[in-house]
2 protein chains.
Amino acid sequence: MAADTARNRGLRRKPYEALWRHLASLASLSDQEMSMVRQTCAVASEVAAGAELYSEGDVLRKPAALLSGWACRLRVLADGRRQIFDFLLPGDLFGYGAAGNRIAFTSALTLTAVRVASVDCLLEMAGEPDRFPGLSRAFVAARARQDVFLLNHVVRLGQQTAYERLAHLLVELSHRLGEIGHETGTFVPMPLTQEMMGDALGLSAVHVNRTLKQLRRERLIELRATSMRVIKPAALAAIADFRWPLPALSSP
Amino acid sequence: MAADTARNRGLRRKPYEALWRHLASLASLSDQEMSMVRQTCAVASEVAAGAELYSEGDVLRKPAALLSGWACRLRVLADGRRQIFDFLLPGDLFGYGAAGNRIAFTSALTLTAVRVASVDCLLEMAGEPDRFPGLSRAFVAARARQDVFLLNHVVRLGQQTAYERLAHLLVELSHRLGEIGHETGTFVPMPLTQEMMGDALGLSAVHVNRTLKQLRRERLIELRATSMRVIKPAALAAIADFRWPLPALSSP
DNA sequence: CGACATATTGATGGTAGTCAAACCTGGTGG
DNA sequence: CCACCAGGTTTGACTACCATCAATATGTCG
């Protein structure tokens with residue numbers, strides 16, 4: 001099984017670890033809330049790589065979390081060009097609309113085999129800020145975080161060179177992986193193909209390849225088949241004009 | 001109808017007309033709600049061109065509507081490069097965060113002199129879906145609309161050529177102006193300089209100029225100093241792979 | 001092993017950036 | 001009234017970044 005090899009290589013992780021770490025990084029959760037998060041992750045389903053999680057125009061009925069594996073939100077143009085809006089990493093929430101909206105404005109596609117858990121019940125809890133302030137704030141922050149990533153993405157695409165774009169994407173992913181327990185400076189998962197990076201960054205796969213080569217030559221990163229190591233995070237961040245953390249979020 | 005003469009002259013619109021038309025295009029409003037919208041617009045303040053409406057990181061305390069004039073949301077990079085995320089047109093709401101978030105992730109800048117009205121009270125009404133379903137749905141839809149514009153913007157920047165990007169932007173603006181009473185096919189306001197278009201589309205002002213020239217040569221558009229006429233909307237939309245209207249929004 | 005996807009490298013061309021100069025146009029003030 | 005100026009537009013010449021096409025590795029899985 002692909003899932004086994006992937007897990008054996010890295011640390012053996014509990015099914016709930018990514019979601020738990022992710023939410024905890026967004027707001028402090030009560031014992032009860034943490035317990036609910038763990039319970040939620042107990043029931044998960046496997047989805048193969050390359051499958052559609054939902055499609056543009058769908059009614060969003062099934063809020064969910066990614067427990068393992070990667071996915072992306074994207075749009076496919078009439079002539080087959082693809083634009084990836086953002087990547088979904090383990091621990092990320094998806095499939096719930098902003099502020100009452102229930103229609104998907106993008107499609108979502110798995111990039112690797114993934115494990116998915118429904119978070120219906122967490123989302124309902126988050127709707128009661130008085131009883132569950134932690135979860136409530138975490139869900140608001142999760143959405144805000146996604147909005148910020150999208151704005152950063154616009155800046156990458158509009159203003160940065162291929163070199164800067166790639167640096168920016170890699171630091172961003174590195175930081176996000178850090179939040180779910182992968183220490184920066186070590187080898188972390190990187191299952192994206194160069195074509196996927198190209199579809200996200202508005203570059204051809206060939207040019208992604210050449211640019212990665214340059215980053216490697218300069219000893220800023222090190223690449224393996226499905227993992228990566230950021231050697232000089234600060235240098236990469238400087239190249240990319242990368243900003244982290246998110247602007248502080250107000251409490252409701 | 002008073003609106004007709006106003007439209008023909010291109011000026012002398014009622015202060016509330018743009019906001020009223022905009023909200024009405026998003027949801028049907030009750031008489032009471034419409035009356036409140038008009039009252040809200042009775043108190044407005046003038047802001048000069050080039051002023052900051054709010055700044056990245058600010059706490060959003062003053063939800064407002066643009067009654068006249070244009071503005072934009074943007075970010076300025078460390079080295080002075082600017083990326084415009086979207087344009088605010090008369091009738092547009094701004095300065096209220098998504099889903100409980102109260103921090104501005106972008107700055108907002110006026111591009112012309114504008115008139116602004118606080119919509120605090122409308123926003124509060126929108127928070128009571130049972131009493132004010134129309135306003136409530138309109139505010140949700142307004143936010144969803146902005147999200148869709150941002151996603152479209154990513155596609156423009158990532159996948160389209162300068163020619164396509166400009167066509168896409170112009171059709172989008174043309175449609176939005178249509179919603180607030182400027183008939184497509186006639187001369188409509190276009191106060192953007194070529195530099196502003198470039199900052200939005202990730203192009204140099206010089207290249208915007210050349211590309212506009214091409215669109216004019218092909219008799220797709222006609223440009224005056226501060227106004228524009230889209231001669232062949234369908235052709236422009238085809239070039240840009242433009243999609244309208246928004247995906248239908250579900251009722252709450 | 002053979003089929004297939006992905007990565008790598010080279011050669012070539014087109015799209016769009018940069019630099020620079022000229023040209024409007026509307027506003028200001030002598 | 002005209003000179004002047006600032007900001008915006010237009011055009012040309014040159015450059016560079018990145019796409020495309022093509023061919024070869026490398027790797028993975030049935």
Side-chain angles (χ1 to χ4, degrees), chain A residues 1-6 9 48-50 70 77 79-83 109-113 156-167 169 189-217 221-228 239, chain B residues 48-50 70 77 79-83 109-113 156-169 189-217 221-228 239:
Chain A
M1 289 286 145
D4 275 331
T5 50
R9 300 222 115 207
W70 289 34
L77 306 203
D79 58 5
R81 283 179 286 187
R82 291 164 21 130
Q83 177 62 48
L109 208 62
T110 59
L111 300 174
T112 69
R156 278 201 289 251
L157 292 170
Q159 300 297 328
Q160 300 197 296
T161 65
Y163 186 69
E164 294 167 330
R165 285 183 216 183
L166 219 24
L169 177 64
M190 172 48 66
L192 301 180
T193 66
Q194 297 176 353
E195 190 186 3
M196 294 170 191
M197 298 187 214
D199 285 343
L201 298 177
L203 300 169
S204 67
V206 171
H207 200 65
V208 168
N209 183 289
R210 291 188 220 280
T211 310
L212 283 175
K213 183 178 163 187
Q214 190 182 348
L215 290 169
R216 261 178 310 180
R217 187 159 19 82
I221 60 170
E222 197 179 339
L223 286 176
R224 301 272 165 82
T226 58
S227 63
M228 138 184 108
I239 290 164
Chain B
W70 289 34
L77 305 202
D79 58 4
R81 284 179 287 186
R82 291 164 17 130
Q83 178 62 48
L109 209 64
T110 58
L111 300 174
T112 68
R156 278 201 289 249
L157 292 170
Q159 301 297 329
Q160 300 197 295
T161 64
Y163 186 67
E164 294 167 330
R165 286 184 216 183
L166 219 24
H168 196 285
L169 177 64
M190 172 49 65
L192 302 181
T193 67
Q194 297 175 355
E195 190 186 4
M196 294 170 191
M197 298 186 214
D199 285 343
L201 297 177
L203 300 169
S204 67
V206 172
H207 200 64
V208 168
N209 183 288
R210 292 189 221 280
T211 309
L212 283 175
K213 182 180 162 186
Q214 189 182 349
L215 289 169
R216 263 179 309 179
R217 186 157 21 83
I221 60 169
E222 197 177 340
L223 286 176
R224 301 272 165 82
T226 59
S227 63
M228 136 185 110
I239 289 165

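Here is the naming used below: chain letters follow the sequence lines, and residue numbers restart at 1 for every chain. If you're wondering where the values come from, they're calculated on a predicted model, not measured in any experiment.
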*Do nucleotides 7-15 of chain C as a string where each nucleotide becomes B, S or -: B if the base has a protein heavy atom under 4.0 Å, S if just the sugar-phosphate does, - if no protein is that close.*
SBBBB----
*Contact class for B:G198 vs. all strands (heavy atom < 4.0 Å): base, sugar-phosphate, or nothing?*
nothing
*Touch check for A:G50, heavy atoms < 4.0 angstrom, all strands: base, sugar-phosphate only, or nothing?*
nothing
*Using a 4.5 Å cut-off on heavy atoms from C-beta on, say whether the side chain of A:L157 contacts that of A:Q83.*
yes
_In the structure I gave you, are the side-chain heavy atoms of A:M190 and A:I221 within less than 4.5 Å of one another anywhere?_
no
Restricting to non-hydrogen atoms, name the atom on [X] and the atom on [Y] that form the minimum distance, rounded to 0.1 Å.
X	Y	result
A:L77	B:Q159	CD1-CB, 4.2 Å
B:Q194	B:L212	NE2-CD1, 3.8 Å
B:E164	B:I239	CG-O, 3.6 Å

Roughly, in whole Å, what's the span from [atom1] in [X] to [atom2] in [N]?
X	N	atom1	atom2	answer
A:M197	C:dT6	CE	P	12 Å
A:L201	D:dC17	CG	C1'	15 Å
B:R217	D:dT10	CZ	C1'	13 Å
A:Q159	D:dC18	CD	P	13 Å
B:R81	C:dG17	CZ	C1'	13 Å
A:L157	D:dC18	CG	C1'	14 Å
B:D79	C:dT18	CG	P	11 Å
A:L166	D:dC17	CG	P	16 Å

*asked:* Which residues pass the side chain to side chain donor-acceptor pair (under 3.5 Å) test with B:E195, not counting sequence neighbours?
replied: none
